[in-house]
Amino acid sequence: MSSPRTAHITGEDQDRDAQAVRYEWSTIGFQLLNQSAASSAVDRWAQDGDDGGIYLGAWTSENGRLGRIWVLRRFPDSAAMLAARERLRLDGHPLASIDAIESVSVESFAPLPFMPLVETGTFGPAYEIRDYRLVPGGLTDTIAGWRKALPLRDPVDPITVVMYALDGPDRLLHIWPFKSPNERLAVRRDVYEAGIWPPPGAPDVIRDADSTMVWPLPSSPLQ
């Protein structure tokens, strides 16, 4: 499996600029019959946005929760992301006027300190989004466990991004590329059997979790 990055995860913190990066995670709802129109509208918005956000990926699912598109964008720092967010609030989200779109929810995330920048390319086409809601105060132990375990797992099962929520309850969201759902099952079995995963102490602070298999939109930079 090819890695979605040229940089390797070592567990050492990234430089200041990489740690300052902020990720915007948007969840767009649509009626199932409107999937094609909604996907086209989301692609246009993410590619043509003039608020400083860099389009990294957009996905939709064919299993689990349907009628959703998830979009990942990157900003250089908190100030740039908050300025874009305020503009969306005051001027209205560009997708709000699209008939095919029912809802738009935007959330803010930061990468774990040792996580390289997301690099785009073709690494799927099957992606897994895992969303962990942690017990209060659980983020510290989670970061410590991932710092130890991810450098061992990443060479055999490269991750796209792992990031924590900047608002709301303690939460960890991570995205993994696979060639197919079957490869995902095989790889996860192998890393468990090898003792590479899960991170030490991290499962103990997960309150509840979701896993969704998703596929990129046609123009998503991550494919």
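Excluded from the calculations below are hydrogen atoms, water molecules and symmetry mates; all remaining heavy atoms, backbone and side chain alike, are included.
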| said: Tell me which pairs pass salt bridge (charged side-chain N to carboxylate O under 4.0 Å, His left out) where either residue lies in residues 102-112, with sequence neighbours left out. | reply: Glu107-Arg171
| query | Among pairs that include at least one residue of residues 202-223, which meet salt bridge (charged side-chain N to carboxylate O under 4.0 Å, His left out), considering only residues two or more places apart or in two chains? | reply | Arg133-Asp208, Arg133-Asp210
| request: Apply the side-chain contact (heavy atoms from CB on, under 4.5 Å) test between Ile159 and each candidate in Asp154, Ile175, Val118; give the one that qualifies. | output: Asp154
| Can you find a heavy atom in the side chain of Trp146 that is under 4.5 Å from one in the side chain of Val162? | yes
| message | Glu24 vs Val106, test: side chain to side chain contact (heavy atoms under 4.5 Å, CB included). Steps then yes/no. | response | CA-CA 7 Å; Glu24 178 188 88; Val106 184; 3.4 Å; yes
| Any side-chain heavy-atom pair of Trp59 and Ile69 under 4.5 Å | no
| request: Give a yes or no answer on whether the side chain of Glu86 reaches the backbone of Leu82 with a donor-acceptor pair at less than 3.5 Å. | output: no
| message | Quick check against the 3.5 Å criterion: does Tyr127 have a side-chain atom that pairs as donor or acceptor with the backbone of Thr212? | response | no
| request: Under 4.5 Å between side-chain heavy atoms, chaining through other members, with only Ile, Leu, Val, Met, Phe, Trp and Tyr counted: pull out the rest of the cluster around Leu32, sorted by chain and number. | output: Leu66
| query | Should side-chain heavy atoms under 4.5 Å link Ile, Leu, Val, Met, Phe, Trp and Tyr, which residues sit in the same cluster as Met213? | reply | Trp215
| message | Please enumerate all residues that pass side chain to side chain donor-acceptor pair (under 3.5 Å) together with Asp50, with sequence neighbours excluded. | response | Arg87
| message | Among residues at least two apart in sequence or on other chains, which ones pass side chain to side chain donor-acceptor pair (under 3.5 Å) with Arg44? | response | none
| What residues form a salt bridge (charged side-chain N to carboxylate O under 4.0 Å, His left out) with Arg188, not counting sequence neighbours? | none
| query | Residues two or more places apart in sequence or in another chain: which of them pass side chain to side chain donor-acceptor pair (under 3.5 Å) with Ser103? | reply | none
| note | Applied to residues 79-103, the ring pair (Phe, Tyr, Trp, His ring centres under 6.0 Å) test, sequence neighbours excluded, yields Trp45-His93
| request: Decide whether Ser78 and Arg22 meet the rule of one side-chain donor and one side-chain acceptor closer than 3.5 Å. | output: yes
| note | The salt bridge (charged side-chain N to carboxylate O under 4.0 Å, His left out) partners of Asp51 (sequence neighbours excluded) come to Arg73
| said: Is there a side-chain contact between Trp70 and Ser26 in this structure, where contact means two heavy atoms from C-beta onward sitting under 4.5 Å apart? | reply: no
| said: On a heavy-atom basis, which atom in Ser220 and which in Gln223 lie closest, and how many Å separate them? | reply: O-NE2, 2.9 Å
| query | What pairs with Arg74 under side chain to side chain donor-acceptor pair (under 3.5 Å), at least two apart in sequence or on another chain? | reply | none
| task | Kindly state each residue pair satisfying salt bridge (charged side-chain N to carboxylate O under 4.0 Å, His left out) with at least one member in residues 134-149, sequence neighbours excluded. | result | Asp13-Arg147
